[in-house]
There are 2 protein chains.
Amino acid sequence: MNIGQAARATGISAKMIRYYDEIGLVRPAARTEANYREYDARQVNELRFIRRARNLGFSMAEITRLLSLWRDRERPSREVKAIADRHVADLDARIAEMQAMADALRHLSHCCAGDDRPDCPILADLTAGSLPSDPPRRSRPS
Amino acid sequence: MNIGQAARATGISAKMIRYYDEIGLVRPAARTEANYREYDARQVNELRFIRRARNLGFSMAEITRLLSLWRDRERPSREVKAIADRHVADLDARIAEMQAMADALRHLSHCCAGDDRPDCPILADLTAGSLPSDPPRRSRPS
DNA sequence: GATGGACCTTCCCATGATGGGAGGGTCAAG
DNA sequence: CTTGACCCTCCCATCATGGGAAGGTCCATC
């Protein structure tokens, strides 16, 4: 199966499949004489695996780890569970952080007349705001 | 006030202040003879404004807009409110999406023994999972 | 008035996941 | 054999951010 077929079979763009090859995450089973990447069922499954993990919001680093556990028939489920639990905790933290932002903004917006006049508590808050000492800047996988 | 002092006064790195200058978001009030950037109270306030908006999770594009509204004494509060409301809606959507991910993972993790044995519903799900047709890939400002 | 250290400048590079595109080779159907 | 769809590699761009090099500036201390 060449890269385009693998792309259609997995829902991952050919570009990204080449990228995964490049970073060593999923290498093609072989190359044809014409240097075309050849994928078989194993790689296609791995690519699907990656897509699903990505859909669950795992970072590429987490996916790399999960994939190596997936490839290892003997892995203890403990390790997988640990990654999943860490990821859940991370998601929960981000959710809480975003919830706080949304609530703060909702409050400000609620206090803003939203008419033709220039008085606006939202901008007023941004001008003089209390800023509660830097929320962390996390990076986002998805 | 030079860039280092402005950085300390606003909590934004000198690097980022130079970047904001470069993209035209906040230009220094002047340059000294030695070509040092000179910031005064106005710019420092604007930089603080940016930091607070960033802390609320606004994207740079939104901040650019908010800043121009902030600079315009005559702006109708309606416009500001519209941006804030859109941002709240966006946050809510992301929160729901992440909540769904976290719930799905929590469920899987709950079903995983997490011991020495290799049987793991989490990997099983990633292997065969139903994947409910691509959740959107949003970019994240913060 | 020199020296040293803290500061400033610009320029270049890297990140991570992704897409765009150019320039060129390959394959299969007509 | 031609044509169009496909593949290859290589380069560039994104966006906000940081690292670092090479070189100029400022100020306090000797």
Side-chain angles (χ1 to χ4, degrees), chain A residues 1-39 43 47 49-67 90 134-142, chain B residues 1-39 43 47 49-67 90 134-142:
Chain A
M1 190 179 340
N2 65 27
I3 202 173
Q5 294 167 317
R8 279 185 293 274
T10 61
I12 297 180
S13 72
K15 276 277 190 198
M16 285 314 295
I17 295 179
R18 286 193 198 99
Y19 174 68
Y20 293 152
D21 178 10
E22 188 190 327
I23 65 174
L25 192 54
V26 177
R27 298 215 182 278
R31 294 278 190 146
T32 68
E33 278 189 15
N35 205 29
Y36 282 22
R37 288 172 182 80
E38 274 280 319
Y39 292 92
Q43 281 77 43
L47 290 171
F49 179 97
I50 290 170
R51 188 162 100 101
R52 290 185 193 115
R54 212 89 188 80
N55 285 157
L56 282 175
F58 284 99
S59 68
M60 290 309 290
E62 287 168 322
I63 289 175
T64 300
R65 185 85 191 99
L66 283 172
L67 195 55
D90 191 52
D134 279 278
R137 286 282 160 78
R138 286 198 195 72
S139 73
R140 196 183 189 234
S142 169
Chain B
M1 186 171 0
N2 65 28
I3 202 172
Q5 295 167 316
R8 280 184 292 274
T10 60
I12 298 181
S13 72
K15 275 277 190 197
M16 286 312 296
I17 295 178
R18 286 194 197 98
Y19 174 69
Y20 293 153
D21 178 8
E22 189 190 324
I23 65 173
L25 192 55
V26 177
R27 298 214 181 279
R31 293 278 191 147
T32 67
E33 278 190 14
N35 204 30
Y36 282 22
R37 289 173 182 79
E38 273 281 319
Y39 291 93
Q43 280 76 43
L47 290 171
F49 178 98
I50 290 169
R51 188 162 100 100
R52 291 185 192 114
R54 213 91 186 78
N55 286 157
L56 283 175
F58 284 100
S59 68
M60 290 309 290
E62 287 169 323
I63 289 175
T64 300
R65 184 85 192 103
L66 283 172
L67 194 56
D90 191 51
D134 281 276
R137 287 282 158 77
R138 287 196 194 73
S139 74
R140 198 186 188 228
S142 172

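Note that the coordinates shown come from a computational prediction; the quantities given were computed from them, not determined experimentally. Chain identifiers are assigned alphabetically (A, B, ...) following the order of the sequence lines, protein sequences preceding nucleic acid strands; residue numbering begins at 1 within each chain.
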May I ask you to test the [X]-[Y] pair for a side-chain heavy-atom distance under 4.5 Å?
X: B:Thr64; Y: B:Ile23; value: no
X: B:Arg51; Y: B:Ile12; value: yes
X: B:Leu67; Y: B:Val26; value: yes
X: A:Met60; Y: A:Leu25; value: yes
X: B:Arg37; Y: B:Arg27; value: no

For the pair made of [atom1] in [X] and [atom2] in [N], what is the distance, rounded to whole Å?
X: B:Asn35; N: D:dG24; atom1: CG; atom2: P; answer: 13 Å
X: B:Met1; N: C:dC8; atom1: CE; atom2: C1'; answer: 16 Å
X: B:Ile3; N: D:dC26; atom1: CD1; atom2: C1'; answer: 16 Å
X: A:Gln5; N: C:dA28; atom1: CD; atom2: C1'; answer: 13 Å
X: B:Met16; N: D:dG18; atom1: CE; atom2: C1'; answer: 10 Å
X: A:Arg8; N: D:dC7; atom1: CZ; atom2: P; answer: 7 Å
X: B:Ile50; N: D:dT17; atom1: CD1; atom2: P; answer: 10 Å
X: A:Asn2; N: C:dC27; atom1: CG; atom2: C1'; answer: 10 Å

Check this one for me: any side-chain N or O of [X] less than 4.0 Å away from OP1 or OP2 of [N]?
X: B:Ser13; N: D:dT17; result: no
X: A:Arg31; N: D:dT9; result: yes
X: A:Tyr20; N: C:dT18; result: yes

Handout entry: Residue closer to the 5' end of DNA chain C, A:Ala61 versus B:Glu38 (nearest nucleotide)
Key = B:Glu38

Problem - 5' priority, DNA chain C, between A:Lys15 and B:Gly4 [closest heavy atom] - result: B:Gly4

Practice task
Tell me what B:Arg37 touches on the nucleic acid: a base, only sugar-phosphate, or nothing, going by heavy atoms under 4.0 Å.
Solution key: sugar-phosphate

Exercise for the section: Under 4.0 Å between any heavy atoms, over every strand shown, what does B:Thr32 touch: base, sugar-phosphate, or nothing? Just pick one. Expected result: nothing

Practice task
May I ask you to verify whether the side chain of A:Tyr19 and the base of C:dG16 hold a donor-acceptor pair under 3.5 Å?
Solution key: no

